[in-house]
Amino acid sequence: MVSAVLLASIAVGCMYAARRLRRAAWPLRGPHAAVVAWQAIGLAWGFAAIGALLAVGLLPYGQGVVGGLLALAGELASPTGLTTVGPFQLAAIGAAAGLTGLLLWMLVASFVAVMRARQRHRELLNLVGRGHPELPGALVLDHPAAAAYCVPGVRSQVVVSAGTLALLDRGELDAVMAHEHAHLRERHDLVLLPFASLRRAFPGVGVVESSYAAVGLLIEMCADDQARRQLAARTLAMALLRIGAAGPGRVPSGALSAAGTEHDVVTRVSRLLEPSAALSRRAQLAILGASAGLMAATFALWNLPL
Amino acid sequence: MNRLGDLERAVMDVLWGRSEPLTVRDVGRALADRDLAHTTVMTVLDRLAKKGIVDRSRDGRAWRYRPAASRESYVTELMFDALEQTGDKDAALAAFVRSMSGDEAEVLRRALSEIEHPRT
């Protein structure tokens with residue numbers, strides 16, 4: 001029973017931690033460490049929630065989650081069938097299996113949807129994108145609106161629109177390229193994918209939506225920080241402002257700025273123009289240590305016969 | 001870019017450049033400088049038809065091919081993917097700046113003009 005209670009506490013604690021982390025100020029100063037913290041919270045939440053259900057269901061075996069699963073499998077294979085667990089325990093085990101299935105299925109579904117969208121996008125890009133002599137490795141789309149983005153993957157591609165070329169000067173274009181290449185190099189798309197799939201599994205759930213938004217903003221800051229190593233922060237900020245200000249504004253007014261939250265671009269620009277000191281090495285190590293500790297505790301509780 | 005992708009692009013440029021549907025022979029002739037085998041052009045057009053990028057119709061014994069959509073409409077589709085990022089596509093691409101409302105763009109415009117013309 002002890003491990004069930006502890007695992008359930010970790011699951012609830014992760015949701016609380018996600019709320020706190022969403023509002024904390026330090027991620028602005030150490031986005032890389034914050035991304036690791038988000039990943040640890042997400043993963044620990046999943047394992048703790050599934051583990052808590054299993055721990056309740058497998059309690060009669062008295063061997064913890066992993067030992068209990070083995071005992072359950074052994075009993076299922078034996079000719080006498082299930083004798084140890086009752087209907088209540090079976091319901092808990094069923095719920096755990098359902099949650100596991102849902103999370104895995106959503107992860108696969110998100111992955112497939114993303115792959116399909118990218119495949120189609122790449123095929124069309126191949127037909128209508130053109131190279132540009134001054135931007136080696138990038139494709140240009142003949143469209144007056146300002147856009148710059150990358151298509152991640154094994155055959156990754158950076159794309160800018162003609163509108164962006166007209167809007168930005170040489171240095172600002174380099175800043176955009178450095179930012180996009182950082183996304184591709186660090187595979188930020190893979191960081192975001194599990195959070196996108198969680199959102200798919202639990203649509204409209206506040207904590208899930210805000211985790212996705214937070215991680216989305218953090219990976220942008222990570223890419224901003226990478227770009228800032230190669231060029232002036234102000235140049236990158238100007239590129240962000242120019243592209244943002246040229247924005248099409250197609251979304252009805254107010255739809256995105258619900259609850260008066262600041263738009264991501266504003267946060268990124270202020271961070272670039274008025275940088276606060278980066279997180280100290282010590283603080284970063286403490287965050288990484290806490291993340292590792294959270295994971296270790298969750299896995300230990302799966303294995304302890306408590 | 002791989003050879004097949006390069007050929008598809010060249011073939012589409014030919015089809016987009018003409019107003020009337022073309023046969024395999026017409027396309028091969030337009031790309032005469034590449035010296036392509038008839039079957040190569042046919043394979044490329046067949047692939048494009050399967051992907052829904054060209055439409056084909058019978059004309060006597062030959063097929064005639066024309067683009068299913070204009071170049072501009074594909075450019076628009078790509079821009080829409082990049083700027084809107086809704087639903088399933090939200091994690092597919094990584095935009096430099098995500099789409100924003102008119103009000104938000106206005107905030108940025110004001111910030112930009114203050115930086116460029118600071119009030120003293």
Side-chain angles (χ1 to χ4, degrees), chain A residues 110 113-118 121 123-129 141-143 145-152 159 161 164 176 179-180 183-184 188-189 192-193 195-196 199 216 219 223 238-257 263-266 269 273, chain B residues 1-2 4-13 15-16 47-48 51-54 67-116:
Chain A
S110 286
V114 160
M115 283 305 176
R116 278 214 188 112
R118 273 186 204 153
H121 198 97
E123 251 161 31
L124 293 185
L125 262 182
N126 169 48
L127 297 179
V128 300
L141 283 178
D142 281 312
H143 196 280
Y149 63 97
C150 59
V151 191
V159 186
S161 67
T164 300
V176 172
H179 172 101
E180 295 304 328
H183 277 320
L184 298 178
H188 288 154
D189 58 307
L192 196 57
L193 189 69
F195 293 93
R199 203 167 66 137
I219 58 178
M238 291 308 281
L240 275 170
L241 277 175
R242 284 192 213 286
I243 294 188
R250 263 193 296 260
V251 185
S253 175
L256 275 179
S257 55
H263 192 276
D264 285 4
V265 177
V266 179
V269 169
L273 292 179
Chain B
M1 204 175 289
N2 59 16
L4 201 56
D6 186 40
L7 277 179
E8 289 183 349
R9 190 185 163 87
V11 165
M12 286 311 289
D13 282 342
L15 292 178
W16 274 322
R47 265 176 63 98
L48 288 168
K51 287 191 229 169
I53 290 168
V54 298
S70 67
R71 179 199 293 269
E72 290 70 31
S73 72
Y74 285 134
V75 170
T76 308
E77 180 182 334
L78 293 176
M79 290 292 285
F80 194 80
D81 273 5
L83 291 173
E84 295 298 312
Q85 302 200 347
T86 48
D88 286 348
K89 290 176 181 166
D90 55 10
L93 308 174
F96 186 58
V97 170
R98 286 178 181 249
S99 65
M100 57 185 66
S101 71
D103 288 357
E104 284 159 344
E106 184 54 38
V107 169
L108 295 181
R109 266 192 284 278
R110 256 180 276 143
L112 190 59
S113 78
E114 271 190 31
I115 290 174
E116 291 189 318

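Fair warning: this is a prediction, and the values are worked out from it, not measured in the lab.
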Gap separating the CG atom of A:Leu241 from the CD atom of B:Glu114, nearest 0.5 angstrom: 11.0 Å
Mark yes or no for whether B:Arg9, through its side chain, and A:Gly129, through its backbone, hold a donor-acceptor pair below 3.5 Å. yes
Taking all atoms of both residues into account, what is the closest heavy-atom pair of A:Asp142 and B:Val75, and its distance? O-CG1, 3.6 Å
What option among A:Arg116, A:His188, A:His179 has the most heavy-atom pairs under 4.5 Å with chain B? A:His179
Between B:Trp16, B:Phe96, B:Tyr74, the one whose heavy-atom pairs under 4.5 Å with chain A are most numerous: B:Phe96
Minimum heavy-atom distance between B:Met79 and A:Ala145, given as atom pair plus value: CE-O, 3.5 Å
If you round to the nearest 0.5 Å, how far is NE2 of A:His121 from CG of B:Leu78? 4.5 Å
Part of A:Ala239 lying under 4.5 Å from any heavy atom of chain B: both
Under 4.5 Å from any heavy atom of chain A, what part of B:Glu116 do you find: side chain, backbone, both or neither? side chain
Under a 4.5 Å cutoff for heavy-atom pairs, which residue among A:Leu240, A:Val151, A:Asp189 has the most contacts with chain B? A:Leu240
Quick one: salt bridge (charged side-chain N to carboxylate O under 4.0 Å, His left out) partners of A:Glu123, sequence neighbours excluded? B:Lys51
Once rounded to the nearest 0.5 Å, what's the spacing between atom CD of B:Glu77 and atom CG of A:Leu141? 11.5 Å
side-chain hydrogen bond (donor to acceptor under 3.5 Å, both in side chains) partners of A:His143, counting only residues at least two apart: none
Minimum heavy-atom separation for A:Glu180 to B:Ala94, with atom names? OE1-O, 3.2 Å
Which value, rounded to the nearest 0.5 Å, describes the distance between B:Leu112 atom CG and A:Met238 atom CE? 5.0 Å
Are the side chains of A:Leu273 and B:Ile115 in touch, meaning some heavy atoms are under 4.5 Å apart? yes
